[in-house]
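Written below as structure tokens is the structure these notes are about.
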Amino acid sequence: MNFKAMTALAGALAISAVGAANADPDDDTLVINEEIEMVTKTAAPEHMEYIDEIMSGWHFRSDETQALEMDDFDNPGMLGVESAIEAWDTVEGSAGKACSDCHGALEDEQMVGVRAVYPKWNENAGEVWTLETTINACRTDRMGAEAWKYDGADMTNMNALLSSISRGMPVNVAIDGPARETWEKGKELYYTRTGQLELSCANCHEDNYGNMIRADHLSQGQINGFPAYRLKNAKLNSVHARFKGCVRDTRAETFSPGSPEFVALELYVASRGNGLSVEGPSVRN
Amino acid sequence: MADGVKPRVKVPKKAAAGDVITIKTLISHKMESGQRKDGDGNLIPRSIINRFTCDFNGTNVIDVTMEPAISTNPYFEFEASVPEAGDFNFTWYDDDGSVYEETKPIAIG
């Protein structure tokens, strides 16, 4: 019996066991501000062996939660974006510079598309950098300012701002060339079981998406919508904070946000969403 | 005044006389319930928006008493009929005595 058939069988058994708890993704269409049309379902990138169609986590949420993301006024994540817009023009550090001194005013659209290609190989550093690493390098090296906490509010807000201006563009992280080694490490982590519950990312997000995990719906664990505003903690959440939460839930000691392990995992998970629209700041529960 | 409080309102720019329009409001506020404790076990004092009102040309449209169980960044969406051109006035009342106001004009056309 091949792997996919086993998964289907397990799914059928689970449904008959617990009654018809419908946790399947829906077929709604996501258009933001009646303007930005989003790709939320598309063919899986070639490197994925066990999934044919990739889907944004948006499809796994209730209509009410989905609606919150369809209008920027309703999206509480935009509060973080607004505060990052202020930070963009704020001079900080010994060099007397703001983000806008190098990267221009946000209206100049110089930063559009940046979010879509991160994490990305950095030639000078000789390693893969996330957007967070890059922002902090800007702050410490060019601005002479203090680094932000990797998954703190300032950093996550700025990430949300850069994401918001790239919404609708396809995620397109490079996994060939020098980034390949890191990507392989990330893949390894994705399929490695951790914790007392011995769960890998794949056990939930590949084998069981569309099923219930307790009272919640399991998505494919796509990160195209990050930073995500979660209703449960009423703030924007970074990818690494979410990773940490997931690994913790397997009852394992987690890696730290910003650690090489999570950077590798972010590259791998991002590449599983190549082709989906950049969606952050998204709204999830 | 609590930190980072900023009112936001969305009202259509114009409507036909007698039209029912949808108004959306959101104010960023931490809405500290007064039930939580800090790391040392001390109660964090309550700090919420306790009342929200909307008036149109002096006539009250909505007047809400808000309680501590309301989540952070309270959002209200409601409908109002517009008999004439004029101003919608929105007011939020903070526990600490601060009052936040916002005005949006609407034209008939």
Side-chain angles (χ1 to χ4, degrees), chain A residues 31-36 61-90 92 106 148-149 152-161 164 227-238 241 280-285, chain B residues 1-15 21-39 44 46-49 52 54 62 64 66-80 88 90 92 94-95 98 100 102-106:
Chain A
V31 180
I32 293 179
N33 300 331
E34 299 177 358
E35 184 181 306
I36 316 173
R61 305 276 66 98
S62 69
D63 287 346
E64 295 82 359
T65 309
Q66 287 183 336
L68 285 172
E69 198 183 313
M70 297 171 82
D71 185 328
D72 279 355
F73 190 88
D74 299 359
N75 183 343
M78 294 309 286
L79 300 177
V81 172
E82 277 181 33
S83 83
I85 289 174
E86 277 175 37
W88 185 261
D89 294 318
T90 306
E92 272 187 272
L106 288 164
W148 277 330
K149 185 170 177 262
D154 289 328
M155 178 65 87
T156 308
N157 289 344
M158 185 56 73
N159 201 332
L161 167 62
S164 70
Y229 185 92
R230 297 193 68 192
L231 301 173
K232 79 171 242 180
N233 60 11
K235 64 170 187 164
L236 280 167
N237 295 262
S238 70
S282 64
V283 184
R284 303 286 187 258
N285 53 341
Chain B
M1 178 171 161
D3 283 343
V5 179
K6 188 175 163 195
R8 296 162 180 81
V9 176
K10 195 173 180 181
V11 177
K13 287 194 177 61
K14 57 181 182 179
I21 59 159
T22 300
I23 296 173
K24 295 175 173 180
T25 74
L26 185 149
I27 186 162
S28 49
H29 195 280
K30 59 186 188 292
M31 297 292 278
E32 188 58 55
S33 70
Q35 304 285 330
R36 301 198 305 162
K37 288 174 179 168
D38 64 16
I44 306 171
R46 176 182 130 158
S47 167
I48 67 166
I49 306 255
F52 165 65
C54 170
I62 192 169
V64 186
M66 295 166 67
E67 303 290 351
I70 293 176
S71 301
T72 186
N73 306 334
Y75 171 91
F76 283 100
E77 180 177 327
F78 51 94
E79 293 180 333
F88 279 102
F90 304 87
W92 293 260
D94 196 310
D95 269 353
S98 308
Y100 316 106
E102 182 82 355
T103 302
K104 288 280 175 184
I106 187 163

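In what follows, every chain begins at residue 1, and chains take the letters A, B, ... in the order their sequences are listed. When reading the values below, keep in mind they use all heavy atoms of this one structure, side chains included, and skip hydrogens, waters and symmetry mates.
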Point-to-point distance, once rounded to the nearest 0.5 Å, from [atom1] of [X] to [atom2] of [Y]:
{"X": "A:Leu68", "Y": "A:Phe73", "atom1": "CG", "atom2": "CZ", "value": "12.0 Å"}
{"X": "B:Leu26", "Y": "B:Trp92", "atom1": "CG", "atom2": "CH2", "value": "8.5 Å"}
{"X": "B:Glu67", "Y": "B:Ile49", "atom1": "CD", "atom2": "CD1", "value": "13.5 Å"}

For this session: Identify, with sequence neighbours excluded, every residue that meets side-chain contact (heavy atoms from CB on, under 4.5 Å) alongside B:Val64.
Result: B:Phe52, B:Ile62, B:Met66, B:Phe76

Could you pull out every donor-acceptor pair under 3.5 Å between chain B and chain A?
residue	atom	partner	partner atom	Å
B:Lys6	NZ	A:Glu82	OE1	2.9
B:Arg8	NE	A:Glu82	OE1	3.2
B:Arg8	NE	A:Glu82	OE2	3.1
B:Arg8	NH2	A:Glu82	OE1	2.7
B:Lys10	NZ	A:Asp71	OD1	3.3
B:Lys10	NZ	A:Asp71	OD2	2.9
B:Lys24	NZ	A:Asp71	OD2	3.3
B:Lys24	NZ	A:Asp74	OD1	3.4
B:Lys24	NZ	A:Asp74	OD2	3.4
B:Tyr75	OH	A:Asp74	OD1	3.0

Exercise. How would you list, by chain and number, every residue that makes a ring pair (Phe, Tyr, Trp, His ring centres under 6.0 Å) with B:Phe88, sequence neighbours excluded?
Worked result: B:Phe56

Exercise. Which heavy atom of B:Phe90 sits nearest a heavy atom of B:Val11, and at what distance?
Worked result: CZ-CG2, 3.8 Å

